[in-house]
Amino acid sequence: MVATTIHLKIRLKVDVMRQTPTMMLSDQEKSQARFQQLKVEIHRNLISGMDLTNIEQLDDYTLRNQLRRGLEKLCDARAELISQAERSRLVNEIIDETLGLGPIDPLLRDPTLSDILINGPNAVYVERNGRLEQTNVKFHDNQHLVEITQRIANRMGRRLDESSPMVDARMADGSRVNAVIQPLALDGALVSIRRFNADNMGVDELVRLGTVTRPIMNFLAACVKSRLNLIISGGTGSGKTTMLNLLSQFIDSSERIATIEDAAELRLRQPHVARMETRPPNSENRGAITARDLVRNSLRMRPDRIIVGECRGEEAFDMLQAMTSGHDGSMTTVHANNANDALSRLEMLIGMAGYDLPVWFINRQIASAVNIVVHCARISGGVRKVTQVLEVVGVKDGQVKSNELFRYDQEGVDQTGNAVGRFRCMCAQPACLSTMQARGINPPRLTDD
């Protein structure tokens, strides 16, 4: 085989830079305006001078290197207008604009960020270590922001325009993107990117961060190994998916697991995993595949356990049916303010399934299906904690009865605004210990720390 090298031809030309009146601007604003104007001109020259014949045959690394060489030559022709530091920044930003996602590419490469929140072209916020902070990242205008967002949607096979002004998509690295544009967004496009952490956190790391204690994790690990059904509750960004990923590590590698998600965030390490993802309707409002459709279908796939990334609709009914029909050890997450509210929310979600069921019957189904509820919360200072662990023990007077096993009591905040408190063991002898023993699991000792 004869190796061939494909080059991207770039025909260099230099336009006369159009001048923008800057009399009313400060020196810093003039410098920034000059930089942006030069960036636009060089970007335009690069695009107009590119021969796109062979571009699809080039890998990303080669393409970036050839674009960088072409940009360096274009910058040489403007050496008197730009410093070396500005030159390096300009080259990187133009490459990001041409091949990536423009101004947010550097943010996506920052592993310390958990969320990127964009409120129009001039307001970009990030969450770092649980705290929101504004960045100096800006888009040229709202159209520039919309084009970048459409680029994300198009890569995922989704549509974003005036006729379909909302999109919920998953990026290649697993990060979730939600975008709303005009006419629904009044002050410019609204984009939220929930970052995906490629490296699942381990027990040791969560214990070190103070998210949970070792006794709580030992107990939850025993619950998973004993095939108890778990519900993980919490608000947005509280760490539900992180906890679900962590608990899934204790599932035996010999089991077949079916996962169902709106956007694939779970990273199970077992070899026998059947991963499924819902599908939104097309432009004609057809072809949607819901979580309920996938839960029902998964029952025919002979799974040992079913894991639903989030129950937020009528699929909750089918999930509980699966938990009580031979799929012990199944898990899911729900949005709730505390562990008790999670049980009430399940009652409401089951009512959405369209069956005229009495409340007492629904609660009996919940008590029969759910064994443990783990509640996660983001508290003062942005720290995430496991704040409650409940055991469901039955039904009394038509209501689900539960025992609180662990609780985090916040006692105040320190000088930096971070929460101060402690974990407490509320019940030393939960009813599920007998189930653990019957299934060959040595029950852990329940203590405060």
Validation row: Met166, Leu184 side chains within 4.5 angstrom (heavy atoms): yes

What one should report as the nearest heavy-atom pair of Ala322 and Leu299 is CB-CD2, 3.7 Å

Hey, could you give me each pair passing salt bridge (charged side-chain N to carboxylate O under 4.0 Å, His left out) that has a residue in residues 219-233? Not counting sequence neighbours. Arg227-Glu255

Got a sec, which pairs hit salt bridge (charged side-chain N to carboxylate O under 4.0 Å, His left out) with one end in residues 134-145, sequence neighbours left out? none

Tell me, with the steps shown, if Ile260 and Ser298 meet side chain to side chain contact (heavy atoms under 4.5 Å, CB included). CA-CA 9 Å; Ile260 297 160; Ser298 70; 3.9 Å; yes

Side chain to side chain contact (heavy atoms under 4.5 Å, CB included) filter on Ala179, not counting sequence neighbours, yields Thr149, Leu160, Val167, Val191

Main-chain N/O of Asn337 paired with His375 side-chain donor or acceptor, under 3.5 Å: yes

Compare every heavy atom of Ile104 with every heavy atom of Phe139, then report the nearest pair and how far apart it is. CZ-CG2, 3.7 Å

Looking only at heavy atoms, which two atoms of Asp262 and Glu277 are closest? And how far apart? O-CG, 3.4 Å

Checking the side chain of Thr211 only, and the main-chain atoms of Val207 only, is there a donor and an acceptor separated by less than 3.5 Å? no

Tell me, with the steps shown, if His327 and Met323 meet side chain to side chain contact (heavy atoms under 4.5 Å, CB included). CA-CA 5 Å; His327 303 90; Met323 287 178 168; over 6 Å; no

Would you call Asp328 and Arg305 a salt bridge, taking side-chain N to carboxylate O under 4.0 Å as the test? no

Where Asn142 and Ala189 come nearest, the two heavy atoms and their spacing: OD1-N, 2.8 Å

Show which side-chain atoms of residues 358-365 pair as donor or acceptor with protein atoms under 3.5 Å away, not counting sequence neighbours.
unit_1, atom_1, unit_2, atom_2, d
Asn363, ND2, Gly398, O, 2.8
Gln365, OE1, Gln321, NE2, 3.3

Can you confirm whether Val386 sits close enough to Thr213 that some side-chain heavy atom of one is under 4.5 Å from a side-chain heavy atom of the other? no

Spatial distance of atom CG (Leu320) from atom CG (Leu346) [nearest 0.5 Å]: 6.0 Å

Of all heavy-atom pairs linking Val393 and Ala431, the shortest is CG1-CB, 4.5 Å

What residue pairs, at least two apart or across chains, pass salt bridge (charged side-chain N to carboxylate O under 4.0 Å, His left out) with a residue in residues 329-353? none

Is the backbone N or O of Cys376 less than 3.5 Å from a side-chain atom of Lys240, with the two atoms forming a donor-acceptor pair by type? no

Cys432 SG to Ile441 CD1 distance, which is reported to the nearest 0.5 Å: 12.0 Å

Kindly say whether Val392 contributes a backbone atom to a donor-acceptor pair with the side chain of Ser402 at under 3.5 angstrom? no

Verify, without hydrogens or angle tests, whether Thr333 (side chain) and Gly309 (backbone) share a donor-acceptor contact under 3.5 angstrom. yes

Suppose we screen for side chain to side chain contact (heavy atoms under 4.5 Å, CB included). Which residues come up paired with Gln410, at least two apart in sequence or across chains? Ile379, Ser380, Tyr408, Val413, Ala419

Would you say Arg439's side chain and Ser226's backbone share a donor-acceptor pair under 3.5 angstrom? yes

Can you measure from CD (Gln270) to CZ (Phe250) and round to the nearest 0.5 angstrom? 11.0 Å

If you define the side chain from C-beta out and look only at heavy atoms, does anything of Pro121 sit under 4.5 Å from His144? no

Looking at Asn338 and Asn340, would you say the former's side chain and the latter's main chain have a donor-acceptor pair under 3.5 Å? yes

According to salt bridge (charged side-chain N to carboxylate O under 4.0 Å, His left out), does anything in residues 117-128 pair up with another residue at least two apart or in another chain? List the pairs. Asp110-Arg128, Glu127-Arg378, Glu127-Arg384, Arg128-Glu133

Side chains of Asp105 and Leu108: closer than 4.5 Å at any heavy-atom pair? yes

What are the two closest heavy atoms between Leu113 and Arg195, and how far apart are they? O-CG, 3.4 Å

Hey, mind stepping through Asp304 and Arg256 against salt bridge (Lys or Arg N to Asp or Glu O under 4.0 Å) and telling me if it holds? CA-CA 5 Å; Asp304 294 304; Arg256 174 172 168 81; over 6 Å; no

Would you call Ile118 and Ile116 a side-chain contact if the rule is heavy atoms closer than 4.5 Å? yes

More than 12 foreign heavy atoms under 6.0 Å from CG of Asn129: is that the case here? no

Quick check on Met301: does its CE atom have over 12 non-hydrogen neighbours (other residues, nucleotides or ligands) under 6.0 Å away? yes

Interatomic distance, CZ@Phe219 vs CD@Glu391, rounded to 0.5 Å, equals 6.0 Å

Taking Asn371 for the side chain and Asn229 for the main chain, is one N or O donor matched with an acceptor at less than 3.5 Å? yes

Could you pull out all residues at least two apart from Asp187 that satisfy side chain to side chain contact (heavy atoms under 4.5 Å, CB included)? none

Do Thr290 and Asp293 get their side chains close enough for a donor-acceptor pair, meaning under 3.5 Å? yes

CG of Leu268 to OG of Ser253: how many Å apart, nearest 0.5 Å? 12.0 Å

Can you tell me how far CE of Met331 sits from CG of Leu228, rounded to the nearest 0.5 angstrom? 11.0 Å

For the backbone of Ala339 and the side chain of Gln388, can you confirm whether one donor and one acceptor N or O come within less than 3.5 Å of each other? yes

Those residues at least two apart in sequence (or on a different chain) that pass side chain to side chain contact (heavy atoms under 4.5 Å, CB included) with Ser192 are Leu117

Let me see the working for Thr332 and Ile307 under side chain to side chain contact (heavy atoms under 4.5 Å, CB included), right down to the final yes or no. CA-CA 6 Å; Thr332 188; Ile307 298 179; over 6 Å; no

Arg176 and Asp168: salt bridge (Lys or Arg N to Asp or Glu O under 4.0 Å), yes or no, with the steps? CA-CA 7 Å; Arg176 294 187 63 172; Asp168 196 23; 3.3 Å; yes

Taking only residues two or more places apart in sequence or in another chain, which ones pass ring pair (Phe, Tyr, Trp, His ring centres under 6.0 Å) with Tyr355? Phe317

Do the side-chain N and O atoms of Gln182 and Glu162 include a donor-acceptor pair separated by under 3.5 angstrom? no

More than 12 heavy atoms of other groups within 6.0 Å of Asp409 CG: yes

Check whether Arg159 reaches the backbone of Ser164 with its side chain - one donor and one acceptor, N or O, closer than 3.5 Å. no

Those residues that, when tested against Arg131, pass side chain to side chain donor-acceptor pair (under 3.5 Å) (two or more places apart): Asn418

Side chains of Ile231 and Val334, heavy atoms from C-beta outward: is any pair under 4.5 Å? yes

Apply side chain to side chain donor-acceptor pair (under 3.5 Å) to Arg279 and list each qualifying residue two or more places apart in sequence or on a separate chain. none

